Amino acid sequence: MNRLVSNRTLLRRLPRERLSLLRELGALADERGESLYVVGGVVRDLLLGHVTLDLDLTVEGDGIAFARLVANRYRAGLAVFDRFATARLVFPDGLKMDIATTRRESYALPGVLPTVQPASIEEDLYRRDFTINAIAWQLNPGQFGRLLDAYGGQRDLRARTIRVLHAGSFQDDPTRIFRAIRFEQRLRFRLERTTLRLLAEAASTNLIQQLSGPRLQNEILLLLAEQDPVRAIARLAQLKLLRFLHRRLCYTTRVKRVVAAVPKALAWWARRFPDTEIDKPIVYLMALWSESSPAVVATMIRRLALSREQAGKVTVGRRVVGRVLKRLADTGIVRPSQVYRLLADLPDEALVLVLATQMSCQQAAVLSRLKRYLVDYMKNRTIKAALTGRDLQAMGLQPGPQYGTILGKLLDARIDGTITTEAEERAFVQKRLGVRSDC
Ligand code: ATP
């Protein structure tokens, strides 16, 4: 059993200035005759003793009017989403706060977004995904710090259990299937028995197919952005959920090994190249798709409605990684410019995948050569030739494809260190021009 923090400790979990802000907002709501609560994951995390940065508030009354008032008073930036009766505020110190109106939701069809109507706080909590996310913490003076926990959220937090609030929950919103796995894996909780059965039942129908591409993408990428996506992917596989990406997605032993090697590859990369930014969920997706055919990958890209940039990265699949590894394993590669040419068109995420793939095959010598190549390549890719096309033109080169060839050769020579100055570059070009005019 988990020990939850006491009410008093919960208040102390928040920095003093946040706490006084919440007290002020509670008083403001009170003046308007409205009740104000902190809700959802924030309360869950505070009760578990975790630090939370952003705040989710809900008003039993008019959330948007209240948000406007707060934004005015505290000079916070404000974005209003009328359809969902929510507003997002960004305070001058960077604090992000969502303010919503307490509401009930109804679903015209499974998988579609709900229509919302104002309702009581109890109904608002009942529409939530899991009991642990359905606890509210009141802010009005006199009630400040009172927990509303009508559905056993604290009990389930103590028992480390994920439990839906009613049997139709996954039908109402199949994204909850992925959210359940996300919280289960993140918090190291387990799915309560009935919830697991309901989840398995929902997963055996075509409910998830009805989710739009962007909604499915959001859930999958959020799962892959978690601290330990390897376990989350294994859980998806165990619950037969990978088939919703594609029923012919190849989750072979080799794929599992590559996926399992990704954290090590990412850690090595971050240590070596701390200034690069890697899209980690995309690396996991690439690893997961690394044995699937190009046609299957193309279908999954469409299913998840990936952006052009994301799609560009993931299409560098098994074939490219295999080809690169084969070439790099070839001890015939000697010049740094050859490594540069081999890797130059690949996104960094693909380089991490190359590394993870090699790490998964336990060949220490090849791996250390690959790491050396990567370190050299990352250094070399900042090198530029001094001369440009304009210089070549001034030197009398006629328009044509030789511009690209000569500039490429100059860059190779710079990378290999056979040319180190602009004068040497000019001499190199002169020589080529001379040879050409002799012909
Ligand atoms: P995280 O720590 O990942 O941000 P969170 O619990 O704060 O988790 P959010 O997606 O920010 O999750 O949602 C905030 C709250 O809104 C949740 O705690 C939950 O009460 C409710 N909620 C979010 N998505 C759903 C959903 N699909 N169905 C029902 N309730 C939801």
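We count ligands from 1, going down the list as the structure has it; atoms in each ligand are counted the same way. Every value quoted in this text rests on a predicted model; they were computed, and no experiment measured them.
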Flag yes if more than 12 heavy atoms outside [X] fall under 6.0 Å of its [atom1] atom; otherwise flag no.
X	atom1	answer
Arg186	CZ	yes
Glu17	CD	yes
Arg68	CZ	no
Arg381	CZ	yes

> Do the numbers put Arg179 on top of the ring of Phe130, so that NZ or CZ is under 6.0 Å from the six-membered ring centre and no more than 45° off the axis?
Replying inline: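 Geometry flag: not set, cation outside 6.0 Å or 45°.
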> Contact residues of ligand 1 with a heavy-atom cut-off of under 4.0 Å?
Replying inline: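 Close residues (ligand 1, cut-off 4.0 Å): Gly40, Gly41, Arg44, Asp56, Arg127, Arg128, Asp129, Asn133, Asp173, Thr175, Arg176, Arg179, Arg182, Phe183, Arg186.
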> Hey, does the side chain of Ser204 reach the backbone of Ala202 with a donor-acceptor pair shorter than 3.5 angstrom?
Replying inline: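 Pair absent, no side-chain N/O of Ser204 close to backbone of Ala202.
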